[in-house]
Amino acid sequence: MKILVCISHVPDTTSKINFTNNDAEFDKNGVQFVINPYDEFCLTRAMWFKEKQGASVTVVNVGGAETEPTLRKALAIGADDAIRINAEPTDGFLVAKELAEVVKNGGFDLVLAGKESADYNGQMVPGMLASLTDFNFVNGCVEIEVEGTNVNAKREIDGGAETLATTLPLVVGGQKGIVEEKDLRIPNMRGIMMARKKPLQVVEASGANASTNIQTYEKPAPKGAVKLVDADNLDELINLLHNEAKVI
Amino acid sequence: MSVLVFADSTDGKFKKTAFEVVSYGKKVAEQLGENVVVLTINAADSSELHKYGAEKVLAVSNDSLATFNAKQYATVVQQAAAKENASVVIVDSSIDGLYLAPLVAVSLEAGYASNVVAAPSSTSPFTVKRKAFSNKAFSNTVISTDNKVIGLAKNSFGIHESQVEGTVEAFEAEVAASGVTSENIERVTGKVTIADADTVVSAGRGLKGPENWGMVEELAEVLGAATACSKPVSDLGWRPHGEHVGQTGKPVASNLYIAIGISGAIQHLAGINASKVKVVINTDPEAPFFKAADYGVVGDAFEVVPKLIEKLKAFKAA
Ligand SMILES: Cc1cc2nc3c(=O)[nH]c(=O)nc-3n(C[C@H](O)[C@H](O)[C@H](O)COP(=O)(O)OP(=O)(O)OC[C@H]3O[C@@H](n4cnc5c(N)ncnc54)[C@H](O)[C@@H]3O)c2cc1C
Ligand SMILES: Nc1ncnc2c1ncn2[C@@H]1O[C@H](COP(=O)(O)O)[C@@H](O)[C@H]1O
């Protein structure tokens, strides 16, 4: 089985978000970039397929040269090889179109992507990729087993879970549950050394057009100070929630 | 030309987000000078939607669409869009809406803006405000394609009544091969889900252990709320994973969010910031949550919460 894991290179979850150039650009100054948390779950699940079922694992990113350390980290965790598609990921549809080229040309059976990226939170790339390649698609996936070309998966639904049956080739939008937090892998020294020698191929973009573009960014309006209510005066809290906030 | 809204239902009943997307569709149609057409699939009573401005409803009734299937639903939406000559399609941001919308976008070759929080600020160029960076910011995004798909963030635009005399028309759509089959659905019944809840009562590691969640559930029951928890609480197995909220868990966009014994780490806040009113109960006045909250009580949850339950019961009874 040939697995492709889509890796989005995103600001660390604790990053302060600021903008420059008249709020038209995200300020990358001092921001630490990491593998998107959902993609990390997917990468670990891919490693299990590799170890238990003899799959090969390729990681891919659509981005500029600055994302290569993130791909190297994925190689250090255990992926076999990496592809960087050289394009600015300005729009989810564009990213999906570029990824679709790699998927079609690479003969992949299973594509694991995160259900959402922590930067633009598009929640669109996996679904679009599935449609463009005509692969089956499971989103919000919390469990997956593959036997031959048969797939059993579970996805999260509002208030529960749904068990699904499908077949390869398949695109998955994965999240926690596909593996657990404790299963996530941190690259060790040996992995980091080996990653340096693993192939990282840069492919030129096919030149897909963006269908959306961001004009400006805004920050949420600053919030007023919290109103503290004395623990012995909870009637006041109820009063405020009822009369002022009108939420109870 | 028209604006097409997909109003989703479960077991024949509209989700609350259905009324919000219809309200939103009505607004966008007004801005564009077009009509709003609403698509429903196996809804029991589609005429309910006229109250929110749906001039025309296309009602699909088809047993092979009994359970949600993204690919099949997407082809139905596409056929409805073609029939109505719709260039703007609006979908909610429920788990199913988020599954569906990207497939619709590809089939219509449409630019897709997800997590939209307001009516377009301009229709030419077509510009919408979206959440970005896990609720830490917004982007003003232009959709430049002729066809457009909008995913409306929950509880952002609100439900607005504007009764119209509308029509309901049966719509026969061809159903595509599914590719993915539903084998089993487990759903907790009789409990408010985080996705649907107006109020969410959430608790963190400050509660010390799973045996102490009785009061959290009781508070939730008094308020008709859903229960939620911080990430460590679900990682420790004190509460089910489905309750984990935050940046890497479920998003919360309720009217009221009550956080008990939760410190307010940036990753937690990122997932619940979209809630309108936040209340924190914490022993530590320095807990970061107090900076993000609207109302706060500095105190021990084991004393405050039982008292609050009693007072709320009295308030509800009055
Ligand atoms: C990549 C990444 C992603 C993450 N994603 C998420 C996420 O999605 N959601 C999430 O929640 N976290 C997430 N986290 C974890 C987050 O950083 C915090 O560790 C977590 O939110 C803390 O949970 P907590 O507030 O329950 O526990 P703690 O930080 O331990 O806080 C407990 C609080 O309870 C208070 N307390 C103690 N006793 C009492 C009492 N008797 N009465 C009242 N208050 C009391 C304490 O003062 C303290 O403020 C993520 C972390 C990382 C690195
Ligand atoms: N630039 C990118 N390169 C590779 N994969 C990506 C990129 N952007 C998004 N993805 C994948 O698509 C998933 C969902 O992203 P999004 O649709 O942007 O929220 C991510 O978790 C990644 O797996």
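FYI, side chains are in, hydrogens and waters are out, and symmetry mates aren't considered; it's all heavy atoms of this structure. Every value quoted in this text rests on a predicted model; they were computed, and no experiment measured them. First the proteins, then the strands, lettered A, B, ... as listed; each starts at 1.
Contact count versus chain A (heavy atoms, under 4.5 Å) is highest, among B/Lys276, B/Lys131, B/Lys250, for B/Lys250. The choice from B/Thr199, B/Leu256, B/Thr67, B/Thr127 that makes the most heavy-atom pairs within less than 4.5 Å of chain A is B/Leu256. Chain A forms the most heavy-atom pairs under 4.5 Å with one residue out of B/Lys15, B/Lys71, B/His244, and that residue is B/His244. When each of B/Ala293, B/Gly151, B/Ala195 is scored by its heavy-atom pairs under 4.5 Å with chain A, the top score falls to B/Ala293. Of all the listed residues (B/Ala101, B/Pro285, B/Ser134), the one sharing the greatest number of non-hydrogen pairs under 4.5 Å with chain A is B/Ser134.
The part of B/Glu109 that comes within reach of chain A is its backbone (N, CA, C, O), which places non-hydrogen atoms under 4.5 angstrom from that chain. The contact between A/Pro220 and chain B is made by backbone and side chain atoms together, counting heavy-atom distances below 4.5 Å. In this structure, chain A has a heavy atom under 4.5 Å from the backbone of B/Asn135, while its side chain stays farther away. At a 4.5 Å heavy-atom cutoff, the contact between A/Val138 and chain B is made by backbone and side-chain atoms alike. Heavy-atom distances place the side chain of A/Ile238, and not its backbone, under 4.5 Å from chain B. The part of B/Lys129 that comes within reach of chain A is its side chain, from C-beta onward, which places non-hydrogen atoms under 4.5 angstrom from that chain. Only the backbone of A/Ala210 comes within contact range of chain B, judged by heavy atoms closer than 4.5 Å. At a 4.5 Å heavy-atom cutoff, the contact between B/Ala292 and chain A is made by backbone atoms alone. Only the backbone of A/Ser15 comes within less than 4.5 Å of a heavy atom of chain B; no side-chain atom from C-beta onward does. The contact between A/Pro11 and chain B is made entirely by side chain atoms (from C-beta outward), counting heavy-atom distances below 4.5 Å. If you measure heavy-atom distances from B/Lys291 to chain A, the contacts under 4.5 Å come from the backbone alone. In this structure, chain B has a heavy atom under 4.5 Å from the side chain of A/Asn152, while its backbone stays farther away. When heavy atoms are compared at a cutoff of 4.5 Å, A/Leu228 approaches chain B by way of both its backbone and its side chain. Only the side chain of B/Gln267 comes within less than 4.5 Å of a heavy atom of chain A; its backbone N, CA, C and O stay farther away.
Annotation: ring-ring contact (aromatic ring centres under 6.0 Å, His included) contacts involving residues 121-151 of chain A, sequence neighbours excluded, comprise A/Phe137-B/Tyr99.
In this structure, the separation between CG on A/Asn121 and CD on B/Gln247 is 7.5 Å, given to the nearest 0.5 Å. To the nearest 0.5 Å, the span separating CG on B/Asn115 from CD on A/Gln123 amounts to 5.5 Å. Considering CG of A/Leu164 and OG of B/Ser178, their distance stands at 10.0 Å, rounded to 0.5 Å.
In this structure, the side chains of A/Arg155 and B/Asp96 come closer than 4.5 Å at one or more pairs of heavy atoms. The shortest side-chain heavy-atom distance between A/Tyr120 and B/Ser139 does not fall under the 4.5 Å cut-off. Looking only at side-chain heavy atoms (C-beta outward), A/Phe93 and B/Val106 come within less than 4.5 Å of each other. Within the 4.5 Å cutoff, the side chain of A/Glu156 has heavy atoms near those of the B/Ile95 side chain. For the pair A/Thr212 and B/Val142, the minimum side-chain heavy-atom distance is 4.5 Å or more. Side-chain atoms of B/Phe138 and A/Lys219, non-hydrogen and from C-beta on, never get closer than 4.5 Å to each other. Side-chain contact between B/Ile143 and A/Asn213 is absent, with no heavy-atom pair separated by less than 4.5 Å.
Without hydrogens or angle criteria, B/Asp235 side chain to A/Glu181 main chain gives no donor-acceptor distance under 3.5 Å. A/Lys176 contributes no side-chain N or O that, together with a main-chain N or O of B/Gly249, makes up a donor-acceptor pair within less than 3.5 Å. A distance-only check finds a donor-acceptor pair linking the side chain of B/Thr181 to the backbone of A/Ala165 [under 3.5 Å]. A donor-acceptor pair is defined here as one N or O able to donate and one able to accept, closer than 3.5 Å; no such pair exists between the side chain of A/Asp119 and the backbone of B/Phe133. Panel note: side chain A/Ser211, backbone B/Ala110; no donor-acceptor pair is recorded below 3.5 Å. With A/Thr163 contributing its side chain and B/Glu183 its backbone, the two residues share no donor-acceptor pair below 3.5 Å.
Between A/Asp235 and B/Lys311, at least one side-chain nitrogen of the basic residue sits less than 4.0 Å from a carboxylate oxygen of the acidic one, meeting the salt-bridge criterion.
Contact annotation for residues 239-248 of chain A against chain B (heavy-atom separation below 4.5 Å, listed by residue number): A/Leu240, A/Leu241, A/His242, A/Glu244, A/Ala245, A/Val247, A/Ile248.
For the residue pair A/Asp158 / B/Thr193, no side-chain donor-acceptor distance below 3.5 Å is found, with atom types taken as modelled. A/Glu180 and B/His241 share a donor-acceptor pair across their side chains, judged by distance under 3.5 Å alone. Between the side chains of A/Glu162 and B/Asn184, no donor N or O sits under 3.5 Å from an acceptor N or O.
When every heavy atom of A/Leu234 is checked against every heavy atom of B/Leu308, the shortest pair comes out as CD1-N, 3.7 Å. Contact detail for A/Gly122 and B/Ser114: the closest heavy-atom pair is O-OG, 2.8 Å.
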